[in-house]
Amino acid sequence: MAGKVATLRIKALVAGNWKMNGLKSARKEVVALGRKLARNKAACDVLICPPATLIAGFREDARTAGVALGGQDCHMQVSGAHTGDISAAMLKDAGARYVIVGHSERRADHGESSAIVRAKAEAAHEAGLIAIICVGETRAERDAGKTLRVISSQLAGSLPLRANAKNTVIAYEPVWAIGTGLTPTTQDVAKVHKAIRARLEKRFGFDGAKMRILYGGSVKPANAAELMAVPNVNGALVGGASLKADDFYGIISAYT
Ligand code: PEP
């Protein structure tokens with residue numbers, strides 16, 4: 001298996017997580033990104049996960065731009081009495097191809113356990129969406145030397161049995177690096193991504209070798225090339241720097 005991994009070419013994914021930012025007027029950023037991509041085609045897949053309210057309205061512009069759309073969370077049920085929630089089928093219907101599940105802000109703010117994240121990922125797969133499953137340690141866990149243990153447990157608990165390289169993407173996002181301007185060293189990123197790859201291969205075999213593993217946490221145009229060059233980093237999950245087409249394109253350019 002190890003020999004095969006070394007020769008595998010995995011198409012990278014650069015995904016933007018807009019979080020709770022953006023009104024209809026932010027459509028101009030999708031259009032601007034499309035213009036940049038038309039001039040210089042990206043050698044990676046590009047995804048924007050705006051607030052769910054914007055997905056349907058962005059659909060045509062995103063299609064023209066060659067950019068996929070995704071949700072930032074979904075409920076584990078298809079429909080029902082869940083006020084304020086949104087199902088994976090609804091996201092798909094609005095034009096999403098992906099959905100982020102288990103982002104650390106959901107795990108922390110909404111008490112989402114790995115079991116809940118796994119149920120959400122299963123719902124995403126059932127609806128035909130690609131689940132981006134996030135894992136990552138807090139600063140305290142890192143300082144206590146527990147990073148790999150935490151990641152391993154989150155992976156074991158959050159990944160559905162039937163996850164494969166087509167329906168699942170992993171995002172490693174150290175919680176302390178999100179929105180702080182701090183990033184791990186490239187050696188630290190390499191160590192964690194290598195450990196994630198080993199666990200994916202052990203559990204899913206060749207599919208685990210092909211599954212994309214994104215790095216997320218303060219990725220900016222200035223550090224993207226260095227981070228994206230780390231072995232087993234197959235793209236980025238980007239928060240703040242995905243809101244403006246110029247910055248986001250600066251990150252995507254790591255792959256052009
Ligand atoms: C995120 O929220 O997934 C993220 C990586 O945020 P930022 O890029 O702003 O650190």
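Remember, it's 1-based here, ligands and their atoms both numbered in the order they're listed. Just the heavy atoms: all of them, side chains too, but no hydrogens, waters or symmetry mates, feed the values below.
- At a threshold of 4.0 Å, the pair K166-D207 does not count as salt-bridged, since none of the basic side-chain nitrogens sits closer than that to a carboxylate oxygen.
- Exactly one of K120, R118, R107 qualifies for a salt bridge (Lys or Arg N to Asp or Glu O under 4.0 Å) with E112. That residue is K120.
- Ring orientation note: the planes of Y172 and H193 are nearly perpendicular, at an angle over 60° on the 30°/60° scale.
- Rounding to the nearest 0.5 Å gives a distance of 10.5 Å between CZ of R162 and NE2 of H125.
- If you look at ligand 1, the protein residues with a non-hydrogen atom under 4.0 Å away are N17, K19, H103, E173, A177, I178, G179, G216, G217, S218, L237, V238, G239, G240.
- Of the possible donor and acceptor atoms, one in the side chain of R212 sits under 3.5 Å from a partner among the backbone N and O of K11.
- Shown here for L214 and A236, the closest heavy-atom pair between the two residues is CD1-O, 3.8 Å.
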